[in-house]
Structures are given as structure tokens and as C-alpha cells.
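A short worksheet on the structure shown next.
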Amino acid sequence: MLDLKNIKKNYRMGVIDVEVLRGIDLSFESGETVSIVGPSGSGKSTLMNIIGCLDVPTEGTYFLDGHNVADMNENQLADIRNSKVGFVFQTYNLLPRISALSNVELPLIYGDRKNLRERSMLALEKVGLTHRYAHKPTELSGGEQQRVGIARALVKNPSILLADEPTGNLDSKSSKEIMDIIKNLNKESGITVILVTHDLSVAKQAERIVSIRDGKIVN
Amino acid sequence: MIYLEIIKVAFISLSANKLRSILALLGIVIGVTAVISLMAIGKGTQERITSRIQELGTNLLFIKAGATTIGGFTGQAGSSSSLTFKDAKALKDPLFAPSVIEVAPEITIRSQLVFGRKNTNVTIMGVTPQHLSVRNLEIDSGMFISSPHIETYSEVIVLGSQVSEDLFGFQDPIGEHIRVNGKRFYVIGVLKSQGGSAWTSNDGRAFIPLTTAFFRMQKQKVSGGNINVETINVQTKDLEVLDDAINEVSTILRLRHQIGNDDEDDFNITSQEQTIETLRETTNTFVVFLGAIAGISLIVGGIGIMNIMLVSVTERTKEIGIRKAMGAKKKDILFQFISEATVLSFGGGFLGVVLGYLVSNGLNGQAILGQESFQTVFSLEVAILSLAVSAAIGLFFGIYPAARAAKLHPIEALRFD
């Protein structure tokens with residue numbers, strides 16, 4: 001379903017080109033849970049940005065549900081992000097001034113707006129937060145905020161859930177809750193889960209671990 | 001995103017920083033308030049002046065003697081002695097001048113009036129009985145100049161209300177004698193006060209028979225037994241026949257003055273309408289000038305909004321990143337920030353219109369400087385125009401900050417703290 005071939009990414013730092021990804025070949029099956037691990041500076045964030053269609057590779061092809069993302073323009077990428085990818089961030093990245101429900105609605109207002117409210121409530125139900133829908137992020141605990149983040153990622157029923165250190169800012173109890181929610185979602189709806197982490201205990205909960213070092217896969 | 005949603009989002013983010021939003025819109029509020037109240041004062045003044053003149057009658061023509069030309073220098077209109085009392089009489093001709101209903105010739109002299117130990121310097125008009133009706137004057141007490149006074153060159157005088165007050169205070173002036181250039185004049189009447197500014201009012205004038213003025217008050221005398229007059233006031237049937245009347249009057253005068261077909265008139269005809277039109281043009285310039293000054297403050301307000309929007313974009317870089325990660329396109333972000341700027345400036349414009357309305361209504365009839373009270377006219381067109389302009393200013397000054405927001409790369413924006 002996801003197929004990355006010979007992905008290279010260079011960044012220009014002043015006058016020198018830095019090769020961050022040096023030819024990555026990677027594919028994901030539908031419904032899989034995969035962890036991407038690696039030390040900081042290994043290029044795993046860059047890889048995640050490319051998988052999440054926030055960025056395009058310098059070289060190589062990336063097929064997502066049959067479309068070559070590497071050739072897409074900004075608007076097409078925005079559409080893919082909107083409909084096929086759900087992001088979960090380490091720092092939650094919720095908008096602080098609006099309610100939990102409005103945060104969950106966010107991906108919907110940039111696409112198909114049908115039954116906006118119902119679908120958002122349904123997503124909050126999946127993470128068990130319907131009772132706190134009117135609260136603003138600042139009134140929620142870290143674990144609750146991350147659950148809102150997951151609900152927001154799910155609301156459009158994307159094919160991939162892309163979680164970047166989803167438990168990085170949480171205590172062990174909340175971490176376990178979050179990981180349980182993610183695993184359950186994978187089981188129930190068959191969503192492909194890609195976890196980027198350096199926490200091995202989190203990484204081990206995935207079916208497959210991909211190690212990345214110096215822009216290459218080392219398995 | 002649909003428009004309602006955009007506006008809702010704009011309101012939410014603007015209300016998140018209430019003080020800053022209010023300060024940003026203050027510039028526009030002040031600008032619009034200034035535009036509306038200054039225009040209201042300008043329009044009010046204009047209407048006041050024109051209505052004053054209209055009170056004096058709009059169906060009037062003024063014929064002045066042509067200017068004298070001595071050695072290439074052209075003097076003031078009325079300085080030559082081409083118009084006579086006979087000309088005036090000839091204009092009241094139902095056959096050749098059917099559009100004319102009344103004619104009132106006049107001479108003006110400046111002179112000192114003395115009563116007892118009091119004196120005042122006034123303009124004295126040498127007039128005929130017709131002057132009363134033609135110039136819309138009203139008698140307060142006594143009587144106006146009548147035909148026997150004209151025929152006998154009587155030394156009688158009718159005082160304007162201000163003149164009467166200056167010389168007699170609360171005493172009744174009728175029957176008293178006053179001295180005009182050393183000659184004794186018998187006061188036969190006092191006019192009602194017309195109010196208004198000095199240059200249109202008759203309150204500060206005095207009236208004597210035309211013949212008396214010509215034969216007894218002036219040094220330079222007869223030209224072939226004619227009585228020279230400076231101005232002939234001609235009252236026409238109504239406004240519609242004004243142009244006909246001008247033609248009739250000039251035909252008669254050209255014939256009487258034996259002016260050849262190719263020669264120019266030795267007289268000038270102006271109408272009250274022309275006077276009003278000239279005044280309106282002058283005051284229009286003044287109104288537009290006031291509006292332009294106020295308009296500058298609107299632009300300053302727009303720059304204030306742009307400033308705030310730039311700060312807001314920088315501050316909300318992370319939000320922009322999140323929205324982009326969730327699938328917002330360039331145009332979504334662009335619309336969002338432009339609409340915020342527009343909501344801000346339109347809101348400011350709306351407040352400005354309300355405030356401008358209150359200010360111009362509050363000023364109406366209020367005496368602030370001197371005795372003359374303000375007259376203001378709130379104009380709906382100006383209000384709508386300033387609303388539209390302030391919305392346009394938000395749009396214009398919002399484009400640059402919004403474009404900066406829309407251009408942000410999602411990854412860099414997400415990393416921003």
C-alpha cells in the first residue's frame with residue numbers, strides 16, 4: 001500500500017548539501033503496525049515527513065495507494081494529508097484557543113464537511129473523551145490532550161496513522177493508555193500504524209521494527 | 001471552508017487577543033468617525049448657506065452695470081453708469097418681458113447714521129417700494145418706502161433691525177429724526193430681523209428712497225437727466241422662466257442702450273441660482289478637502305491593521321503549521337488571515353459609522369464657536385462609502401501578512417515555538 005523506492009533527501013545548509021536520506025527502500029502493508037527507530041539525526045523525522053506528505057523527496061518514488069507522491073504539487077499534497085494521513089505529534093499540537101471538539105473538526109473543515117459535528121463526536125468517542133468535548137486543551141491533562149490528538153487524526157478515517165513519539169511527553173500510565181488506544185484502533189479498523197520513536201518499549205509493541213541510521217535502513 | 005466558518009474562525013482568533021484587536025481597529029474607528037462627522041459638518045454648512053440664500057428668493061436676476069474700462073484697466077462690475085432708473089422701469093413690460101413680474105433698482109452708499117450721541121456706520125440702500133417684495137423683506141413696525149416718497153425725494157429712512165437696536169436700543173425709533181451725512185432723516189419703519197451672516201442679511205442696512213439717494217446723497221450727479229442705478233433686481237415669475245427672463249431683459253437693455261449686434265453688453269446679468277451654484281462648488285471643495293484629510297487617517301488605520309496582522313502571523317506560525325498538516329491549502333490560510341484583517345477593519349468601520357452618527361447628531365444645533373450653531377447633515381452615502389472603504393482597506397492591508405502566512409512551509413511552521 002505504501003511503497004518507497006530509493007528515497008533520497010538533501011538539505012542545503014549554507015553552501016553544502018547535506019544528505020539526510022541516502023536511498024531508502026521501504027514498504028508497508030495495509031493494517032500493519034511498524035516502528036521506525038533510530039538515534040536523533042538519523043533521518044527518521046525526515047523520513048516521517050516524507051511518508052506524511054509534509055515534504056517531497058529529492059529523488060526516488062513514493063507510491064501511496066497507487067499515487068506517486070514524489071511528483072505532487074503543494075495542493076495535491078495538502079489533499080493527501082487531509083484524506084489519507086492522520087498525524088499524532090509528540091507535543092500534541094492542538095490549537096489552544098478552541099475546544100477539544102473544534103480541534104477534532106479541524107481536518108474536516110478543509111475537506112468534506114458533511115456531518116461535521118457527528119463525525120467529530122464519533123472520533124472523540126473512539127478515544128473515550130466525549131464527556132470533555134467542550135474543554136479547551138489547556139483544561140485537559142497530557143494524556144487527554146494526546147487522545148484529542150488521536151481523535152483528530154482519526155476523524156477522516158485515513159489509511160495511515162503517523163505517530164511521532166506519541167508517548168514522548170507522557171507518564172508511563174498515560175503512555176500505556178495511548179498505546180492501547182492505538183493498538184485497538186489498528187485491530188478494529190485495520191488502519192496502518194507507523195510509530196516513530198526512540199523508546200524501545202514502545203517500538204516493541206509494533207509488529208515490525210525498522211532501524212534507521214545515517215539516512216539508511218540497517219536491519 | 002465556507003465563508004461563515006471563515007468569519008467565525010476570524011472572530012475566535014480576534015477575540016483571543018481582545019485588547020490588541022481593539023487597539024488595531026481603533027485607527028479605523030477614528031478615521032471613519034472623522035470622515036463621517038467632518039462630512040456631516042461640511043454638508044450642514046453647505047445646506048445652511050444655500051438655504052439662507054434661497055430664503056431671499058431664487059427667482060431673482062441681478063443686473064449690474066458693466067465695468068468701466070479706463071486705459072486698459074477694467075474696474076469693478078457696476079462701476080460704469082450704464083444702468084438707469086428708466087431702464088428699470090422699462091423692464092417691467094408685460095409685452096416684451098412677460099417673464100418679469102417685478103423690478104427693483106438700487107443704489108448703495110456707505111454712510112454714518114447719528115442719533116443723539118450714538119452713531120453707526122452702515123450701508124444705505126437707495127431703493128423703490130418694490131424692494132420689499134422682491135428681496136423678501138418684512139416690516140416689523142411702521143411702513144416701507146412708498147411711491148410718494150420716491151416722487152418727492154423725501155428724506156425718510158427705514159432701518160434694519162440691528163441698526164435700530166444700535167441707535168435706539170429699546171426705544172421706538174418711529175417718528176424720530178436721525179442724521180445721515182449731516183441731513184435730517186425721518187424714521188418711518190423698522191424691518192424684521194432676518195438673522196444669518198452679515199453678508200446676506202439686511203439687518204445692518206438702512207433704506208431710503210432711490211431718488212433721495214441719487215439727488216441728495218451723492219456728489220456725482222445727473223447724466224442727461226437720468227438717474228443712474230448700480231443694480232436692478234428682477235423678480236421672475238418662477239424658476240423655470242429664469243432663462244427666458246435673462247433673454248428678455250438683455251434684449252430690452254441692448255435696444256435701449258443701442259448696442260450693435262456684434263458688440264458686447266454693457267451690463268451683467270447674474271441669477272441667484274448662479275450664486276448658489278458657485279457657492280456650492282466652493283463649499284464642495286471644502287467638503288472634499290475635509291473628507292480627504294479624514295481619509296488619510298483611514299489609511300493610517302489600515303497600516304495599523306497590517307502591523308498587527310504581521311505580528312499575529314509570526315505568533316501563530318505553529319497554528320499555521322498544524323492547519324497545513326491537517327490539509328489546509330495555501331488559499332485556505334490566505335483567506336483566513338485576509339478575513340481576519342477584513343473583519344477587523346469592517347468592524348472598526350461599523351463602530352466608526354455608529355460613532356460618527358452620534359457625533360454628528362450631537363453637534364447638530366450645538367453652539368461651540370461663536371454664536372452660530374453647528375448644523376450637520378448625516379449622509380447615508382458617506383456612511384456606506386466609508387464602510388466599503390474600511391473593508392477594502394482591511395482587504396488591501398491584509399493581503400501581505402496573509403500571503404506571508406500562506407507561504408510558510410508546513411514543516412518549518414510546525415517546528416516553530
Side-chain angles (χ1 to χ4, degrees), chain A residues 9 11 20 45-50 52-56 72-99 102-114 116-117 136-138 148-149 152-156 158 162 164, chain B residues 1-21 308 311-340 343-344 402-417:
Chain A
K9 182 71 185 177
Y11 281 114
V20 183
S45 291
T46 306
L47 181 61
M48 198 202 85
N49 287 338
I50 288 173
C53 300
L54 285 165
D55 210 348
V56 285
M72 283 185 177
N73 66 26
E74 250 179 87
N75 278 345
Q76 291 168 317
L77 286 175
D79 276 335
I80 293 277
R81 288 199 295 272
N82 185 240
S83 57
K84 299 219 182 279
V85 188
F87 289 96
V88 177
F89 302 95
Q90 179 177 3
T91 52
Y92 329 127
N93 281 348
L94 302 175
L95 297 186
R97 289 189 285 254
I98 56 178
S99 69
S102 299
N103 264 293
V104 175
E105 283 169 0
L106 208 54
L108 294 176
I109 59 176
Y110 296 116
D112 174 22
R113 304 171 55 92
K114 228 180 286 164
L116 188 120
R117 193 115 301 178
K136 290 192 175 156
T138 43
V148 174
R152 181 179 66 183
L154 288 177
V155 73
K156 291 209 74 167
L162 205 54
D164 183 10
Chain B
M1 274 214 282
I2 54 167
Y3 298 106
L4 205 68
E5 184 73 25
I6 291 178
I7 290 166
K8 202 183 99 190
V9 168
F11 263 109
I12 290 170
S13 22
L14 289 174
S15 60
N17 230 319
K18 284 190 192 71
L19 180 64
R20 187 199 285 173
S21 301
I308 292 298
V311 172
S312 172
V313 167
T314 309
E315 242 183 29
R316 285 154 67 193
T317 303
K318 184 121 190 169
E319 174 189 330
I320 295 161
I322 295 169
R323 287 181 183 275
K324 284 202 159 184
M326 298 301 141
K329 295 183 176 131
K330 258 187 180 177
K331 68 167 205 297
D332 293 322
I333 303 293
L334 193 74
F335 278 163
Q336 185 190 338
F337 280 90
I338 287 181
S339 67
E340 267 179 42
V343 164
L344 208 55
R404 256 172 72 152
K407 252 195 299 197
L408 287 172
H409 194 280
I411 295 173
E412 276 149 35
L414 270 174
R415 262 192 223 129
F416 185 88
D417 276 311

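Below, chains carry the letters A, B, ... as their sequence lines are ordered, and counting in each starts from 1. Computed over heavy atoms, backbone and side chain alike; hydrogens, waters and symmetry mates excluded. Source: prediction; values computed, not measured.
- Taking B/Ser13, B/Gly321, B/Ala16, B/Ser15 one by one and counting their heavy-atom pairs under 4.5 Å with chain A, the maximum is reached by B/Ala16.
- A/Arg97 places no side-chain N or O within donor-acceptor distance of the main-chain N or O of B/Ile12, the cut-off being under 3.5 Å.
- Closest approach of B/Ala328 and A/Ala78 over heavy atoms only: O-CB, 4.0 Å.
- Remark: A/Ser45 pairs with no residue by the side chain to side chain donor-acceptor pair (under 3.5 Å) rule, at least two apart or across chains.
- Contact check for B/Leu414 versus A/Phe89: side-chain heavy atoms found under the 4.5 Å cut-off.
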I'd like a table of donor-acceptor pairs (distance under 3.5 Å, sequence neighbours excluded) in which one partner is a side-chain atom from residues 404-413 of chain B, with atom names and distances.
from	atom 1	to	atom 2	distance (Å)
B/Arg404	NH1	B/Tyr400	OH	3.3
B/His409	ND1	B/Ile411	N	3.2

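- Under the 4.5 Å side-chain criterion, counting only non-hydrogen atoms from C-beta, B/Met326 is not in contact with A/Ile109.
- Residue A/Glu74 places its CD atom among 12 or fewer non-hydrogen atoms of other residues, nucleotides or ligands, all under 6.0 Å distant.
- In this structure, CG on A/Leu106 lies 8.5 Å from CD on B/Glu319, to the nearest 0.5 angstrom.
- Scanning all heavy atoms of the two residues, the minimum distance from B/Gly327 to A/Tyr110 falls at O-CB, 3.8 Å.
- B/Lys318 NZ: more than 12 foreign heavy atoms inside a 6.0 Å radius.
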Quiz prompt | Chi angles and distances behind the side-chain contact (heavy atoms from CB on, under 4.5 Å) call for A/Asn82, B/Lys329 | solution = CA-CA 10 Å; A/Asn82 185 240; B/Lys329 295 183 176 131; over 6 Å; no
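- In this structure, chain B has a heavy atom under 4.5 Å from the side chain of A/Ile98, while its backbone stays farther away.
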